[in-house]
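Let me begin by presenting the structure, written as structure tokens, before commenting on it.
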Amino acid sequence: MKESAESLNFIEHIIEEDLTNGFPSEKLRFRFPPEPNGYLHIGHAASICLNFGLGEKYNAPVNLRFDDTNPAKEEQEYVDAIKRDIAWLGFKWANECYSSDYFQQLYDWAVMLIKEGKAYVDQQTSEQIAEQKGTPSTSGTPSPFRERPIDENLELFEKMKKGEFPAGSYLLRAKIDMASPNMHMRDPILYRIINAAHHRTGTNWCIYPMYDWAHGESDYIEQVSHSFCTLEFKAHRELYDWYLDQVYDSNLLRPKQREFARRNLSYTVMSKRKLLELVQNKVVVGWDDPRMPTISGLRRRGYTSRSIRKFSDLAGIAKRDNVTDVSLLEFCIREDLNKTATRVMAVLNPVKLVITNFPEGKVEILEMENNPEQPDSGTHEVPFSRELYIEREDFKEDGGKNFFRLSLGNEVRLKSAYFIKGESVVKDDVGNILEIHCTYDPDSRSGSGSEASQRKVKGTLHWVSISHAIKAEVREYDRLFLEEAPDSHEEKNFMEFLNPNSLTIIKEAYLEPFLADAILDDKYQFQRLGYFTLDQDSTKSNLVFNKTVGLKDTWAKQNTEVQVQSQPKPQAPAQPQGQRKALNEIQQISKKITNLSGEKLETALNSIREYAEDVTFEELEPLFGTAAKKTGTRIGVILTLNVMLKNGQAKNQAVIDFIQSCLTDENDILRSEAEKLA
RNA sequence: UGACCGAUGGUGUAACUGGCAACACGUCUGAUUUUGGUUCAGAAGAGUCCAGGUUCGAGCCCUGGUCGGUCAACCA
């Protein structure tokens, strides 16, 4: 029912089409096939949500299959972590499978291939084989062992299996087509010898199947109907199908591979190899460092599984390259935590506030609501006394018009407590503020219902009572990289873009005493600051909180904008001339030109004139015929023409006709430019 | 230089067999608010890479181009 109005992604279209073509829906079956060589990241979450989401939508089983065909890279630790992460995301797999469970079947099929003359044992070096492979534009040459007799192949393959050869000395290859335009079809390797203990099969095997040989056949064995993978496997599809053809029995279901684009996130990297590099170089503390885009990192940071699933849902799935802005992820976690996190008060950068007319030694216990978004979430108690901490940023001696917080002579509310008025400051020799003195209005207690408690003020501050506050360490995180797409630069390594300030540790933050009982996985909103959760490093005596994400902060934004404006603007990077033809740039700019006005319009016109210097008449001439309704393009053309004629280009009949047609156009720019030339 | 894939606001995705380009994030207003949060109301922002063609009508179909990506590991 909820689906009725929803639009489908292209994967769902494929399935719907199969269904309407008669594919029985009860045979739908999917799989998520990670290699256990690293931790899952938010990109995998897209694939997990896709496959398991499909399973939920079509009520079909989804297998978790570990693609464990390379014992040199894979470890049990990763298997465990992957299972933990998927379970945490809230998905249930139908079967826990391993490619290694199929080693015998795969071996038997390989023997069959040899017997049919479709596979042979090669004994060349990897260099020789690479050499013979050719290039994408030139065909390969056959191996000298390609025509080895079947009996000999059988015998050698048997010996490979028995461990009679050293690693790297022999291979089993499929005999397909060394001239195929698809490199993967040029006699791909089926088996290689690896002398390493496998995390499940131990030393039972010393020959291991390659990905292509194992993957499609595993799908087939499990009777997976739709096998979804990322775009870089598109070229493998032909081989996937070829391998399937060799073993396919028409009574059984034939799996179908389709590809989608991997999900990239801005300001981070998203490949296991690069994430491993961050871990190994100790840029981060581990795979679950809260700055990592791994599922475990996000979890430790305080993200909920709900928010990650929501993110995958909103980001969608398609076939084009993408870099999704982290702001979408942040939106998802804020939206979730806003409804669920308990509101508390904590002061991260304290300054002492003394309420001069509040009795010394007196303590009041105030009630504070746990979550205003959920009226039935109850309240908790907060002690209030004469000496408090407030944030240093919440006070300015002379705030000015747009400063809603505490300043001298001004009144603000202390959250859930009283109204106070700034009276004076105590400073040290060099002018640092040591204490702020204020007075409070005893009639204004929050919730008392008194008239005084209902006054309207612009500012409300959070606070903690100094004598009751508990200390804690707070870790704040910023993006790991300073560049939006750190791994998209050919000439630079992604490590060069690391943000040196991605972690800020506040050793002594002051929290309201309620937080002493916080436990792992509790989610809190430190009011006016952001969402926080306990880190796994936390102990009862030494609390450690992670900042998950800040609150939206229009005040901070205003402030930084002022700062940015007062600094000289960095010049726009030099035009990447030659990257794209000048004429193309002109077309790109000019199509939008009718939407512009004022300064922006001028800038656009000028940059067209600049590009025009690099356009030849031969390039421009075809555009004289541009349809009359495409005013923008025509403006670009006439501007370019203007520059050309100025540079000595002679007019021909086409030019004259074009100028004529512009003279009668409705658009003012077009007309006036044409008049200059008439 | 080959083969394959892709191109829709700043970002990510929609638009079922052609029919006024939609949604979300982000941005900007205003209102509300005991969080400069939330919520609510609204706005700006895309002539769908370019040029032709077919059509009454093209983001979608056809032709030609441009740009970007992928493919030549005994990795997956």
For B:C23, the Watson-Crick or wobble counterpart (both distances under 3.5 Å): B:G12
Quick note, A:P181 side chain, CB onward, closest among B:C75, B:G6, B:A3 is B:A3
Does A:L329 or A:A417 map to a spot on RNA chain B nearer the 5' end, using the closest nucleotide for each? A:L329
Could you check how far NZ of A:K552 sits from C1' of B:C25, rounded to whole Å? 10 Å
Just compare B:C75, B:A76, B:G2 and give me whichever is closest to any side-chain atom of A:S137. B:G2
Sugar-phosphate only, base, or nothing, as touched by A:E259 at under 4.0 Å among non-hydrogen atoms: nothing
If pairing means Watson-Crick or G-U wobble with both distances under 3.5 Å, then the partner of B:U70 is B:A3
Would you say A:R263's side chain and A:G316's backbone share a donor-acceptor pair under 3.5 angstrom? yes
Using whole Å, what does the distance between atom P of nucleotide B:C74 and atom CZ of A:F165 come to? 19 Å
Which of B:U34, B:A15, B:C71 is nearest the side chain of A:H184? It is B:C71
Just checking, A:R343 and A:Y524: is the charged tip under 6.0 Å from the six-membered ring centre and within 45° of the axis? no
Would you say the side chain of A:S446 and the base of B:U34 hold a donor-acceptor pair, judged only by whether the two atoms sit under 3.5 Å apart? yes
Looking at A:R334 and B:G37, is any side-chain donor or acceptor paired with a base atom of the opposite kind under 3.5 Å? no
Looking at A:E364, I'd like to know if its CD atom is crowded, meaning that more than 12 non-hydrogen atoms belonging to other residues, nucleotides or ligands lie closer than 6.0 Å. yes
Quick check for you: among B:A76, B:C25, B:A14, whose closest atom lies nearest to any side-chain atom of A:S327? B:C25
Is it the case that A:H184 and A:D212 place a side-chain donor and acceptor less than 3.5 Å from each other? no
Compare the minimum distances between each of B:U34, B:C71, B:C5 and the side chain of A:K319, then state the nucleotide with the smallest one. B:C5
Ring centroids only, cut at 6.0 angstrom: are A:F10 and A:H13 within range, meaning strictly under it? no
Could you check whether A:Q124 and A:E131, counting side-chain N and O atoms only, form a donor-acceptor pair closer than 3.5 Å? no
So what's B:U55 paired with, Watson-Crick or G-U wobble, going by both distances under 3.5 Å? none
In whole angstrom, give the distance that lies between atom NZ of A:K339 and atom C1' of B:G37. 14 Å
Given B:U11, B:A73, B:A24, the nucleotide with the shortest approach to the side chain of A:D325: B:U11
Which of B:G6, B:C75, B:C25 is nearest the side chain of A:L328? It is B:C25
For atom P, what is the distance between B:A44 and B:C56, given to the nearest Å? 35 Å
Is a donor-acceptor pair below 3.5 Å formed from side chain A:R320 to base B:U8, judging by atom type as modelled? yes
Any protein N or O atoms within reach of nucleotides 18-22 of chain B? Criterion: under 3.5 Å, listing atom names and distances.
none

Could you check whether A:R237 pairs with A:E259 (Lys NZ or Arg NE/NH1/NH2 to Asp/Glu carboxylate O, under 4.0 Å)? yes
Looking at the side chain of A:F403, which of B:G12, B:G36, B:A76 is the nearest nucleotide? B:G36
Short side-chain donor-acceptor distance under 3.5 Å, A:K272 and A:N37: yes
Side chain of A:D67 only, heavy atoms from C-beta on: which candidate in B:C28, B:A76, B:G69 is closest? B:A76
From C-beta outward on A:N9, which listed nucleotide comes closest to its side chain: B:A14, B:C75, B:U38? B:A14
Expressed in angstrom and rounded to an integer, what is the separation of A:D394 atom CG from B:G37 atom P? 14 Å
